[in-house]
Novice: 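A single structure is presented below for examination.
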Amino acid sequence: MLNSKLIGLIKLLSIDEIATIERLIPAIANRDNPELLQLFRIITKAITNNQKELTKEYLHKQLFGSKKFREQKISNMMTELLHNIEDCLGFMQLLKDKQLKKIFILKELREKNADKHFESLAHESITRVNDAGPKTGKQFYFSYANYMEFDMYSIQKGDRKKDESLQMASDNLELYFIAEKLRLTCEMLNRKNIIGADYDIGLSQILIELLKTVGNKYLLEPIINIYYRIFLTIMDGDNPEHYKELFRLLEKNGPQLSRADAHQLYEYAQNYCIKKVNTGNINYIAEIFNLYQQQLDSGTLLDEGKLSEFDYKNIVAVGLRLGKFNWTHDFIEYYKNYIASSLKENAYTYNLASYYYHVQNYKPAIRLLQDVEFTDVFYHLGAKLLLFKMYYETEQTEPFYSLIDTFKIYLYRNKGISLYQRKSYLNLLRFTKKTFDLKINPPASKKFTERIIALQRQIETNQNIVSLMWLNERVEELKN
């Protein structure tokens with residue numbers, strides 16, 4: 001098949017997009033050229049039919065029959081069609097963004113002197129943005145653009161003295177810059193912590209100092225205050241007051257934000273809590289639970305009515321770790337219906353088995369994990385890990401040793417497991433086997449103590465171990 005940007009782009013189009021572009025091309029093309037639409041239909045049909053022989057010669061013949069092949073002509077048509085499709089995609093994207101679309105409509109109405117229509121739509125547009133709850137950076141921008149159109153309209157009418165649109169445009173431009181600069185700064189700092197990326201945060205530090213000194217009027221805007229608090233939790237994480245204020249702001253304003261905006265803000269708060277837990281402050285496990293509870297109550301955790309399998313698992317893990325067993329069981333049963341159907345069985349089975357494991361009801365947990373063939377690497381590893389722990393704790397010797405062998409084979413054969421992951425699981429298997437050997441076949445008293453101490457030292461020098469806390473607890477149990 002012909003390899004070109006045009007063919008590559010058309011391959012990415014959905015059926016609905018193809019139908020829309022067919023309707024738009026005649027209107028959006030720079031000149032009346034019905035052959036462009038015909039060319040588009042020929043190419044889409046060939047792609048739909050998986051036609052391998054799609055060449056310029058083929059396209060030329062389909063368009064012009066037996067006329068002499070002119071490569072430059074068909075190349076020019078393909079280039080023009082590509083630009084037309086790009087224009088169509090841009091127009092289709094504009095139609096999706098209702099607020100941006102209104103800015104362009106206002107511009108057209110103003111230039112056509114459609115005064116009544118302009119004033120009505122401008123007031124409606126501004127009112128809608130202002131009534132939408134806490135503004136985001138994007139909404140500050142739309143307010144700015146609306147007021148700028150109002151200001152240019154007042155200049156056209158020679159009435160600039162009475163109109164305050166210029167001041168409102170300036171105020172909203174300031175708020176847009178502050179909100180977006182803070183958002184981008186927080187994301188840069190977050191990526192720096194996670195992947196070690198190096199960013200220059202530019203004016204951000206000056207902006208923060210401004211907010212600390214004369215920023216009261218800006219901090220009255222919830223989104224600016226939230227990102228300001230997120231910045232402080234990242235840069236001054238030892239002060240718990242920053243997180244407390246962030247939690248309060250999310251609780252108050254989160255339900256009024258869009259799901260996407262709220263989800264991103266809650267992720268920052270959760271990352272702060274996870275970092276605290278990882279440094280030994282286990283009190284923040286309860287804070288992670290509270291953040292999830294807020295999102296469940298407000299519905300912001302659901303994306304088009306669906307709950308992410310990862311949020312499902314994380315909430316279960318946090319609930320179980322806090323000992324909220326009844327609550328967690330109810331959550332597993334109720335929210336299984338919110339998991340995408342293709343992921344539901346794996347997610348539900350694994351999390352229910354995890355619940356049974358934590359309440360030490362091992363028989364149903366083992367049965368669940370043995371009866372389901374987990375297709376996802378993530379769940380497969382988790383299921384084997386749970387079985388491994390239960391065989392250890394119930395002293396099922398033969399299944400325990402057998403699982404070590406099958407677990408190792410899976411770790412080595414599966415290409416979806418990183419080297420770091422593989423090493424962390426292999427270390428767990430190795431050290432847990434040594435612990436189990438001591439548990440079921442303890443040597444004489446003095447040697448027993450020496451071997452436990454030696455084992456603990458080995459574990460301390462190999463911190464890349466999955467479920468390290470669980471392993472340390474099992475070793476400590478041997479001392480008693």
Side-chain angles (χ1 to χ4, degrees), residues 196 274-285 313 317-318 320-323 350 353-354 356-363 365-366 369-370 374 377-480:
I274 291 168
K275 189 174 181 180
K276 285 294 184 183
V277 172
N278 290 340
T279 56
N281 194 335
I282 62 172
N283 292 329
Y284 277 87
I285 298 172
K313 177 188 176 294
V318 172
L320 293 174
R321 192 165 177 183
L322 290 173
Y350 173 81
S354 182
Y356 282 129
Y357 165 75
H358 281 84
V359 297
Q360 298 182 347
N361 193 356
Y362 297 135
K363 282 186 178 180
I366 291 172
L369 296 175
Q370 289 176 334
F374 291 97
V377 173
F378 170 79
Y379 287 115
H380 202 121
L381 286 173
K384 283 188 179 297
L385 185 59
L386 280 178
L387 279 172
F388 183 69
K389 290 178 180 180
M390 287 187 284
Y391 289 153
Y392 176 97
E393 290 171 13
T394 56
E395 297 186 17
Q396 297 187 50
T397 307
E398 187 176 338
F400 177 81
Y401 288 120
S402 176
L403 182 57
I404 289 177
D405 293 334
T406 58
F407 209 156
K408 284 181 179 178
I409 292 170
Y410 182 78
L411 289 169
Y412 280 115
R413 287 184 178 176
N414 196 292
K415 304 302 181 185
I417 300 171
S418 68
L419 290 174
Y420 181 86
Q421 274 185 310
R422 182 179 298 125
K423 187 67 175 176
S424 66
Y425 278 96
L426 289 172
N427 281 337
L428 175 71
L429 298 180
R430 178 160 61 97
F431 290 122
T432 307
K433 181 179 181 299
K434 290 183 177 183
T435 308
F436 192 70
D437 291 342
L438 288 172
K439 181 181 181 183
I440 63 170
N441 191 21
S445 179
K446 186 177 179 181
K447 271 195 170 182
F448 185 64
T449 303
E450 289 174 354
R451 288 179 64 178
I452 291 175
I453 293 171
L455 178 58
Q456 285 181 313
R457 286 174 181 167
Q458 288 178 329
I459 293 171
E460 286 172 5
T461 58
N462 289 272
Q463 290 296 296
N464 179 17
I465 305 172
V466 71
S467 292
L468 178 59
M469 185 182 295
W470 176 85
L471 176 60
N472 284 330
E473 289 171 354
R474 302 293 79 76
V475 176
E476 282 296 322
E477 286 174 355
L478 296 181
K479 292 181 179 179
N480 302 326

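When a residue number appears, it is its place in the shown sequence, counting from 1. Note that these values count all heavy atoms, side chains included, but never hydrogens, waters or copies made by symmetry.
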Novice: Under 4.0 Å between a side-chain nitrogen and a carboxylate oxygen: does that hold for E460 and R457?
Specialist: no

Novice: Restricting to non-hydrogen atoms, name the atom on Y350 and the atom on A383 that form the minimum distance, rounded to 0.1 Å.
Specialist: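 Scanning both residues, the minimum pair turns out to be CE1-N, 3.6 Å.
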
Novice: Spell out, as yes or no, whether a donor-acceptor pair under 3.5 Å connects the side chain of N462 to the backbone of Q458.
Specialist: yes

Novice: Under a 3.5 Å distance rule, please check whether T394 uses its side chain to pair with a backbone N or O of M390 as donor and acceptor.
Specialist: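 Checked: pair present.
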
Novice: If you compare all heavy atoms of L320 against all heavy atoms of S354, which two are closest, and at what distance to 0.1 Å?
Specialist: CD1-OG, 3.6 Å

Novice: Could you walk me through whether I459 and L468 pass side-chain contact (heavy atoms from CB on, under 4.5 Å), step by step?
Specialist: CA-CA 9 Å; I459 293 171; L468 178 59; 3.7 Å; yes

Novice: So Y356 and I366, do their side chains get closer than 4.5 Å, heavy atoms only?
Specialist: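 No - every pair of side-chain heavy atoms lies 4.5 Å or more apart.
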
Novice: Just wondering, do T435 and E477 contact through their side chains at under 4.5 Å, heavy atoms?
Specialist: no

Novice: Give the ring-plane orientation class for Y357 versus Y362, where under 30° counts as parallel, over 60° as perpendicular and anything between as tilted.
Specialist: tilted

Novice: Evaluate whether atom CD of E473 has more than 12 neighbouring non-hydrogen atoms of other residues, nucleotides or ligands under 6.0 angstrom away.
Specialist: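 More than 12 within 6.0 Å, yes.
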
Novice: How long is the straight-line distance from CZ of F388 back to OG1 of T406, given to the nearest 0.5 Å?
Specialist: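 T406 OG1 to F388 CZ: 10.5 Å, rounded to 0.5 Å.
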
Novice: Under 4.0 Å between a side-chain nitrogen and a carboxylate oxygen: does that hold for E450 and K447?
Specialist: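 Salt bridge: no.
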
Novice: Where is the tightest heavy-atom contact between L438 and F448, given as atom of each residue plus distance?
Specialist: O-CE1, 3.6 Å

Novice: Nearest 0.5 angstrom please: I417 CD1 to L411 CG, how far?
Specialist: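 The CD1 atom of I417 sits 5.0 Å away from the CG atom of L411.
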
Novice: Give the intermediate values and the outcome of side-chain contact (heavy atoms from CB on, under 4.5 Å) for residues K479 and Q456.
Specialist: CA-CA 11 Å; K479 292 181 179 179; Q456 285 181 313; 3.3 Å; yes

Novice: side-chain contact (heavy atoms from CB on, under 4.5 Å) for F407 and L426? Distances and angles first, verdict last.
Specialist: CA-CA 9 Å; F407 209 156; L426 289 172; over 6 Å; no

Novice: Could you tell me if D437 and Y401 have a donor-acceptor pair between their side chains, going purely by distance under 3.5 Å?
Specialist: yes

Novice: Could you tell me whether the side chain of N281 and the main chain of K276 form a donor-acceptor pair under 3.5 Å?
Specialist: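 Not a single qualifying donor-acceptor pair exists.
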
Novice: What is the minimum heavy-atom distance between A365 and A353, and which atoms define it?
Specialist: CB-O, 3.6 Å

Novice: Are any of the side-chain heavy atoms of L428 and L385 separated by less than 4.5 Å?
Specialist: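 Side-chain contact under 4.5 Å: yes.
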
Novice: Rounded to the nearest 0.5 Å, what separation is found between the CG atom of L387 and the CD atom of Q370?
Specialist: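 Reported value, rounded in 0.5 Å steps: 6.0 Å.
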
Novice: Report the distance from atom NZ of K313 to atom CZ of F378, rounding to the nearest 0.5 Å.
Specialist: 4.0 Å

Novice: More than 12 foreign heavy atoms under 6.0 Å from CZ of R451: is that the case here?
Specialist: no

Novice: Fit a plane to each ring of F436 and Y392, take the angle between them on a 0 to 90° scale, and name the class: parallel (under 30°), tilted (30 to 60°) or perpendicular (over 60°).
Specialist: tilted

Novice: Stepwise, does the side-chain contact (heavy atoms from CB on, under 4.5 Å) test hold for L429 with L403?
Specialist: CA-CA 10 Å; L429 298 180; L403 182 57; over 6 Å; no

Novice: Does NZ in K423 sit with more than 12 non-hydrogen atoms of other residues, nucleotides or ligands closer than 6.0 Å?
Specialist: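 It does not: K423 NZ has 12 such atoms or fewer within range.
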
Novice: Please round to the nearest 0.5 Å and tell me the distance separating atom NZ of K275 and atom OH of Y284.
Specialist: 12.5 Å

Novice: Of all the heavy-atom pairs spanning V318 and I285, show the shortest one and how long it is.
Specialist: CG1-O, 3.6 Å

Novice: Minimum heavy-atom separation for L381 and Q421, please, with both atom names.
Specialist: CD1-NE2, 4.3 Å

Novice: Count the heavy atoms belonging to other residues, nucleotides or ligands that lie under 6.0 Å from CD1 of I282, then report whether that count exceeds 12.
Specialist: no

Novice: Calculate, to the nearest 0.5 Å, the distance between atoms NZ and CZ belonging to K389 and R474 respectively.
Specialist: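 If we round to the nearest 0.5 Å, K389:NZ and R474:CZ are 8.5 Å apart.
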
